[in-house]
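Worksheet: one structure, shown below.
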Protein chains: 2
Amino acid sequence: MPKPVVPEEKRRRRRPTKSGTVLSEQLIVDTALRMLREHGSAGLTARRLGLALDADPSTLYRYFRGMDDLTLAIGDALIGQALRGWVPTGEWRADLRAVGLRIHAAYMEHPQAAVLTASRVSGRAHELAADEAVLDILRTAGFPVPDAVRVYHAFVDTTLAFAALDAASLALPSAALRADEEMWRSTYARLPATTHPRIAEAAPLLATRMLTSAYPTALDMLLDSAGAQLEDVRD
Amino acid sequence: MPKPVVPEEKRRRRRPTKSGTVLSEQLIVDTALRMLREHGSAGLTARRLGLALDADPSTLYRYFRGMDDLTLAIGDALIGQALRGWVPTGEWRADLRAVGLRIHAAYMEHPQAAVLTASRVSGRAHELAADEAVLDILRTAGFPVPDAVRVYHAFVDTTLAFAALDAASLALPSAALRADEEMWRSTYARLPATTHPRIAEAAPLLATRMLTSAYPTALDMLLDSAGAQLEDVRD
DNA sequence: GACTTAAGGTCAATGGCGTTGGCATAAGGA
DNA sequence: TCCTTATGCCAACGCCATTGACCTTAAGTC
């Protein structure tokens, strides 16, 4: 039987650790985010987190059921950060685009955290709020429920998928990242036209474009298609 | 100084292990794939792999520089499998769709392996062949080079991103997977309409749809947009 | 202010992990 | 048949997450 975790809002006794710091879910998540940035996506360990908090590693289990539970909390914090201060304009396409880019950008600011959380469903408050907002944009725009759900699904998963993919690149050890970038200038740019004619003719464009995220392009294409569907619905 | 790894083609002495099995790169990769399927994406460990091969874990370092090197070899095996036997029909949209679905499907057949390798760039033969094929489809369809590169970028990264995302879900420890799936039937389906009206009205549809991959939908929307662009070019 | 209670700390231990250096032995060329 | 060395094994190092037992002290009650 694992020890019960007291929910954050029920906590009363905030006993300081040996060294005087007072713990909280918020402080732990923030510290974890900082550690992920500093030590990489594999650098978040209970031992190191305890060290950074001046607390015993086992103390974390008073706040989270385990490292996985902590991971979900980190992900929800990222989503909350993404939409903090956002207000819809009422123009569905611009709003959807802004939400997507905001979420993607928030993950890019914490790529090491994004790698761990982008594919998880936490069901926590910020995640629910984001989903509600996206569905509301689509329904208000005039999409019937089934179409709204379909576009919502494609939109959300495209955004999260690109967040995970782009984060994985950014989170690579810098040596590996440079090696990947060099790939387009070395391997791809030097392929002979006899064996790989299409890559050869596109090499210069590839070398510049492949270093950036395809998410804005993919998002716009998705919104193009959604817009066309909305036209059909309105007829 | 790490011990040197003898390349596979230079191996001559195939000394059997204590129990008589004769090792090879191929055998190790195949065994690793089987272990990933059986024990999950976190279940591939040097110790277990050694156990499955009836060899000491340290023996693996005679074949790969480390576990990371082994995962790259596994990824290469996956890519080879994805394109084996594919032939284009000449109809650009159908061909692009087929390539995307094939790559996605290959990763889905080995989700635990995919999650380890989907976001790695190899620059190896099979990857180059796939890129050449996609560019060829687009150019032959009539896309000018810059447009072809843009659509190629969105197409390839969308496919890889969804492969990584969907594999990550499929590869979750079964307990976490069930928890994520249950989320749509429990948390989301029970949200009161007062606080989350849009989720509430969509809950039944969400509960069924969110358990499937959005990739086919997203892919079709991307191809819709590409098709519209092609119309513009032709005018 | 003193008493009680249990939340929230600490400590020590368990059984995993990747990786390495030293050593032994048999494969295969001479 | 003999030698060399590739390729296997072993033992050990320092990580890791997690748990159960224990202790301390903040908060609530009177």
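What you are looking at is a predicted structure, and each value in this text was computed from that prediction instead of being measured. Excluded from the calculations below are hydrogen atoms, water molecules and symmetry mates; all remaining heavy atoms, backbone and side chain alike, are included. Naming convention: chains lettered A, B, ... in sequence-line order (proteins, then strands); numbering from 1 in each chain.
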What's the [atom1]-[atom2] distance between [X] and [N], to the nearest Å?
X: Leu23(B); N: dA26(C); atom1: CG; atom2: C1'; answer: 15 Å
X: Asp56(A); N: dA13(C); atom1: CG; atom2: C1'; answer: 12 Å
X: Leu27(A); N: dG8(C); atom1: CG; atom2: P; answer: 15 Å
X: Leu51(B); N: dC10(D); atom1: CG; atom2: P; answer: 13 Å
X: Leu60(B); N: dG18(C); atom1: CG; atom2: P; answer: 9 Å
X: Leu49(A); N: dG9(C); atom1: CG; atom2: P; answer: 13 Å
X: Leu53(B); N: dT7(D); atom1: CG; atom2: P; answer: 16 Å
X: His39(A); N: dC16(D); atom1: NE2; atom2: P; answer: 10 Å

Hey, does the side chain of Tyr61(A) come within less than 4.0 Å of dG8(C)'s phosphate (OP1/OP2), counting only N and O?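 Result: no.
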Hey, does the side chain of Thr59(A) come within less than 4.0 Å of dG9(C)'s phosphate (OP1/OP2), counting only N and O?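 Thr59(A) to dG9(C) OP1/OP2: no side-chain N or O under 4.0 Å.
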Of the options Thr31(A), Val115(A), Leu44(A), which is the one that meets Leu36(A) in a side chain to side chain contact (heavy atoms under 4.5 Å, CB included)?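 The option that passes is Leu44(A).
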Indicate whether any N or O donor in one side chain lies under 3.5 Å from an N or O acceptor in the other, for Asp166(A) and Tyr107(A).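 On atom types as modelled, these side chains do not qualify, holding no pair under 3.5 Å.
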No-H, no-angle donor-acceptor pair, [X] side chain to [N] base, under 3.5 Å:
X: Thr45(A); N: dC15(D); answer: no
X: Arg62(B); N: dA6(D); answer: no
X: Arg47(B); N: dG16(C); answer: no

Closest listed nucleotide, where the reference is the side chain of Ser58(A) and the choices are dT10(C), dG18(C), dT18(D):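 Nearest to the side chain of Ser58(A) among the choices is dT10(C).
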Checking side-chain contact (heavy atoms from CB on, under 4.5 Å) for the pair Asp131(A)/Leu206(B): CA distance, chi angles, key distance, verdict? CA-CA 11 Å; Asp131(A) 291 336; Leu206(B) 288 173; over 6 Å; no
Taking the side chain as every heavy atom from C-beta outward, state whether Leu219(B) and Arg97(B) have any atom pair closer than 4.5 Å.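 Counting from C-beta outward, Leu219(B) and Arg97(B) do come under 4.5 Å.
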Between CG on residue Leu165(B) and CG on residue Leu165(A), distance to nearest 0.5 Å: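 Spacing of CG (Leu165(B)) from CG (Leu165(A)) equals 10.0 Å.
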